[in-house]
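Heads up, the thing below is written out as structure tokens.
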Amino acid sequence: MHGVMGKPPGDNNKDNIKDNIATSKVMLLMLVVMTGVAPISLYMLVPALPVLATNFGRDISIAQMTVSLYMVGIALSQLIMGPLSDRFGRRPVLLAGLGLMVVAGIGSVFAETLPQLIAARFFQALGGASGMVISRAIIRDLYPRERVGAMISLVVAALMIAQMVSPLTGGLLETAFGWRAILYLITAASLTVTIFIALALPETRRDRADSASFRGDLGKLITNRAFVGYLLCQVLSSQIIFAFAGGGPYIVVTQMGRSSAEYGAWFAMTGFGYFVGNLLCVRFAPRHSLEKLIWFGLALQLGGSLLNLIWSFAGVNQAPLWLFGTQMIVMVANAFVMANSTAGAISIRPDAAGTASGAMGFLQQGIGALVSQFGAYLGGHSTTTLPLTSAIFAISIACACTMIFIVPRRNVVVSEELIAQAEEDESGMM
């Protein structure tokens, strides 16, 4: 709290500066762009994959590696950059990562073979994903535990808008100017973000003991029941998205006989549901504890996945409206669970928020790659939606079990003063 007796005047000044940063709209913009530069760059190139395969005379599966190895780069980056930001500071590690993305982007523009492009894209992801992991650590640096989930939701909600239009932007660029135009835009955007961060972002990392280390931080985290519970809750909840994204195209196109364009339109509905869930989370967070928001999300997530499973037994969700309409409920709930379980995990040891964020991101992406393949197998080797909806229901149950059996019970009382402060922060950000 500010003005506590016995606190040195210098500390009061630091607190005031920190509060000014936290309520700054520029900080919100920085969090959005540093989080989004890597995933937006991923989705923007996807529409050009068939053209890449044709131009380089390679099979489409080889061209797909520009996406799959990009995802590997995102996973590895979070495991590396998070702990480094705890050790050396958020700002220098983030700038180094974004600088690597710029250099790799230049390499991708001048790539003459597909393997060269794949390698450049891998290093783009390795550098660019530093923003994804460090943004969560910065949020934990700047905001109290009760506000972290809301701020993550606010950043994700803003980011979702950009992610929805990035494939369309990539497709239009490829049609009008060729596929290299996409790489030019990505490189220019990453350079702009790097300059913006260099000029506007202060260091937010908390002071740490010189003896702190990655091994020590990780050891303390994985022996903490609450951290393990929140971590598993977040990772399992994210797997619902990967499973549905993996199996959805096969169900809609192969089983239902619809076009890929129609699948894209239906899938956008689930993204909209996730967007709405994040907005609702921002609105409800000031008046409810983090745990209460997670439980609400888990109940809604379990109910939605059960409803879709019932539709599968009844055979009614062989029509896209039933399948995707019910999945929207799951995605609204998913936003509550993911944002607030993330907040819980990175709040266990605030001075090691980067390590916690990195471990979470690595597991989410790494396991997600496997679950996405599993979802594709269920959708592509079945004649009904039952196998996929059963898997999603099972994941929902496992997700709820982490909160029931692993995370210790906490009785968090939200004071009037905390509510007033949260509302003041929210009004300053919106």
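Side chains included, hydrogens not; waters and symmetry mates left out as well; all remaining heavy atoms used.
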With rounding to the nearest 0.5 angstrom, report the [atom1] to [atom2] distance, [X] to [Y].
{"X": "Thr402", "Y": "Ile294", "atom1": "OG1", "atom2": "CD1", "answer": "8.5 Å"}
{"X": "Leu79", "Y": "Ile74", "atom1": "CG", "atom2": "CD1", "answer": "14.0 Å"}
{"X": "Arg349", "Y": "Asp86", "atom1": "CZ", "atom2": "CG", "answer": "8.5 Å"}
{"X": "Ile392", "Y": "Ile397", "atom1": "CD1", "atom2": "CD1", "answer": "12.5 Å"}
{"X": "Phe242", "Y": "Ile395", "atom1": "CZ", "atom2": "CD1", "answer": "11.0 Å"}
{"X": "Asn340", "Y": "His288", "atom1": "CG", "atom2": "NE2", "answer": "11.5 Å"}

Val148 and its side chain to side chain contact (heavy atoms under 4.5 Å, CB included) partner, picked from Leu142, Ile346, Thr342: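 The single option meeting the side chain to side chain contact (heavy atoms under 4.5 Å, CB included) with Val148 is Ile346.
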Any donor-acceptor pair under 3.5 Å linking the side chain of [X] with the backbone of [Y]?
{"X": "Gln364", "Y": "Ser238", "answer": "no"}
{"X": "Ser372", "Y": "Gly368", "answer": "no"}
{"X": "Arg121", "Y": "Gly105", "answer": "no"}
{"X": "Tyr70", "Y": "Ala38", "answer": "yes"}
{"X": "Asn278", "Y": "Tyr274", "answer": "yes"}

Do [X] and [Y] have side-chain atoms, one donor and one acceptor, less than 3.5 Å apart?
{"X": "Arg140", "Y": "Ser347", "result": "yes"}
{"X": "Thr389", "Y": "Asn308", "result": "no"}
{"X": "Gln78", "Y": "Gln365", "result": "no"}

Can Ile80 and Leu84 be said to form a side chain to side chain contact (heavy atoms under 4.5 Å, CB included), step by step? CA-CA 6 Å; Ile80 296 169; Leu84 286 178; 3.8 Å; yes
Begin from the C-alpha positions of Leu98 and Val37 and carry the test side chain to side chain contact (heavy atoms under 4.5 Å, CB included) through to its verdict. CA-CA 9 Å; Leu98 292 175; Val37 66; 4.1 Å; yes
Would you say the rings of Phe244 and Phe324 are close, in the sense that their centroids are separated by under 6.0 Å?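 Ring centroids of Phe324 and Phe244 are less than 6.0 Å from each other.
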Which atom pair, heavy atoms only, marks the closest approach of [X] to [Y]?
{"X": "Ser153", "Y": "Val282", "value": "CB-CG2, 3.7 Å"}
{"X": "Ile240", "Y": "Ser396", "value": "CD1-OG, 3.5 Å"}
{"X": "Ser166", "Y": "Ile40", "value": "CB-CG2, 3.8 Å"}

Partners passing side chain to side chain contact (heavy atoms under 4.5 Å, CB included) against Thr384 (at least two apart in sequence or in another chain):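 Expected list: Gln318, Leu386, Pro387.
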Mind checking what makes side chain to side chain contact (heavy atoms under 4.5 Å, CB included) contact with Ala53, not counting sequence neighbours?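 Counting only residues at least two positions away or on another chain, Ala53 forms a side chain to side chain contact (heavy atoms under 4.5 Å, CB included) with Ile60, Ala63.
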For Arg90, is there an ion pair with Asp141 - N to carboxylate O distance below 4.0 angstrom?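 Yes, charged N to carboxylate O under 4.0 Å.
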